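Beneath this line is the structure, given in structure tokens, with notes to follow.
Indexing begins at 1, ligand by ligand and atom by atom, following the structure's order. Note that the structure is a prediction, hence the values are computed from the model and not measured.
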Amino acid sequence: MKLDNIRLVLMETSHPGNIGGCARAMKNMSLERLYLVNPLYFPDPDADARAVGAIDVLERAVVCASLQEAVQDCAVVVGTSARHNRRIGNLVLDPKACAERIALESEAAQVALVFGREHSGLSNEELGLCNYLLTIPCNEAFSSLNLAAALQVVCYELFMQTRRTDTDSQATPQGELATGHEMDLFYQHMEQALVDVEFIKAKNPRKTMRRLRRLYNRAQLEKMELAILRGIFNAMQKLADRGR
Ligand code: SAH
């Protein structure tokens, strides 16, 4: 996920306060690239007031004359809408699914997320320029969020996706994984060590060993980690031996 490659596009926003609110919501989530297509009032003191500490995002905002112009260099365009027109037939994603999908795409290409007008959203023609649609699931009887509130939810999920990618890479094994044969020897060693310290009975190790197998199989042990654990078993066995 590369947040620098993601731009937020606001179509013909009529309340400048909303533009400021969006700038603030973006910066809170480390997104800084704001595009404004024909804003009714911009720059405007109300936009500055609502942006609070995100005036720099407003100052760097790119003002365009059309949606085509705002997304011309983008490989992926996502339209956001409270209700979706089935006739258009785009894939409809929720914010988290959308963040997952554009995580890879944003690494190498420009991505745009497009937000509609306060009163009328995005036109069918504009939705037709989009590769996907994003809808925030909510109360069906009252599904239209304030523009900046909708943008906040979307940006939050984009930001969360960057954190998921980071923790995923921490959880991903760094070294070579133990083979099935090494795991077999590991379980035999573990079982013997647990018998030696009298944690399980030689005659009936079944249930505990099955549970331990599940636990260690889930962990995807690397060769080095397996060696450490076998070292611990050796130490346990040595101590048990001395006790006898
Ligand atoms: N009256 C308009 C709603 C506009 S709300 C309509 O019925 O289409 C302004 C913008 O906020 C929308 O165009 C969309 O970009 C975003 N938005 C509001 N609610 C949303 C929701 N539930 N899911 C996705 N985007 C939403």
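Note on residues 61-71: no pairs pass salt bridge (charged side-chain N to carboxylate O under 4.0 Å, His left out), not counting sequence neighbours. Sorted by first and then second residue, the pairs that involve residues 28-38 and meet salt bridge (charged side-chain N to carboxylate O under 4.0 Å, His left out), not counting sequence neighbours, are Glu32-Arg60.
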Using a 3.5 Å cut-off on N/O to N/O, what pairs does ligand 1 make with the protein? A line per pair would be great.
{"from": "ligand 1", "atom 1": "1 (N)", "to": "His119", "atom 2": "O", "distance (Å)": "3.2"}
{"from": "ligand 1", "atom 1": "7 (O)", "to": "Arg83", "atom 2": "NH2", "distance (Å)": "2.4"}
{"from": "ligand 1", "atom 1": "8 (O)", "to": "Arg83", "atom 2": "NH2", "distance (Å)": "3.1"}
{"from": "ligand 1", "atom 1": "13 (O)", "to": "Gly116", "atom 2": "N", "distance (Å)": "3.1"}
{"from": "ligand 1", "atom 1": "15 (O)", "to": "Thr80", "atom 2": "O", "distance (Å)": "3.3"}
{"from": "ligand 1", "atom 1": "15 (O)", "to": "Thr80", "atom 2": "OG1", "distance (Å)": "2.6"}
{"from": "ligand 1", "atom 1": "15 (O)", "to": "Gly116", "atom 2": "N", "distance (Å)": "3.0"}
{"from": "ligand 1", "atom 1": "19 (N)", "to": "Leu145", "atom 2": "N", "distance (Å)": "2.9"}
{"from": "ligand 1", "atom 1": "22 (N)", "to": "Ile136", "atom 2": "O", "distance (Å)": "3.2"}
{"from": "ligand 1", "atom 1": "22 (N)", "to": "Ser143", "atom 2": "O", "distance (Å)": "2.9"}
{"from": "ligand 1", "atom 1": "23 (N)", "to": "Ser81", "atom 2": "O", "distance (Å)": "3.4"}
{"from": "ligand 1", "atom 1": "23 (N)", "to": "Ile136", "atom 2": "N", "distance (Å)": "2.8"}

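When the shell of 6.0 Å around CZ of Arg50 is examined, it contains more than 12 heavy atoms from other residues, nucleotides or ligands. For CG of Leu104, the number of neighbouring non-hydrogen atoms (other residues, nucleotides, ligands) closer than 6.0 Å is 12 at most.
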N/O donor to acceptor pairs below 3.5 angstrom from side-chain atoms of residues 39-46, sequence neighbours left out:
{"from": "Asp44", "atom 1": "OD1", "to": "Asp46", "atom 2": "N", "distance (Å)": "2.8"}

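Look at Lys238 and Asp196 and you find no salt bridge, because none of the NZ, NE, NH1 or NH2 atoms lies under 4.0 Å from a carboxylate O.
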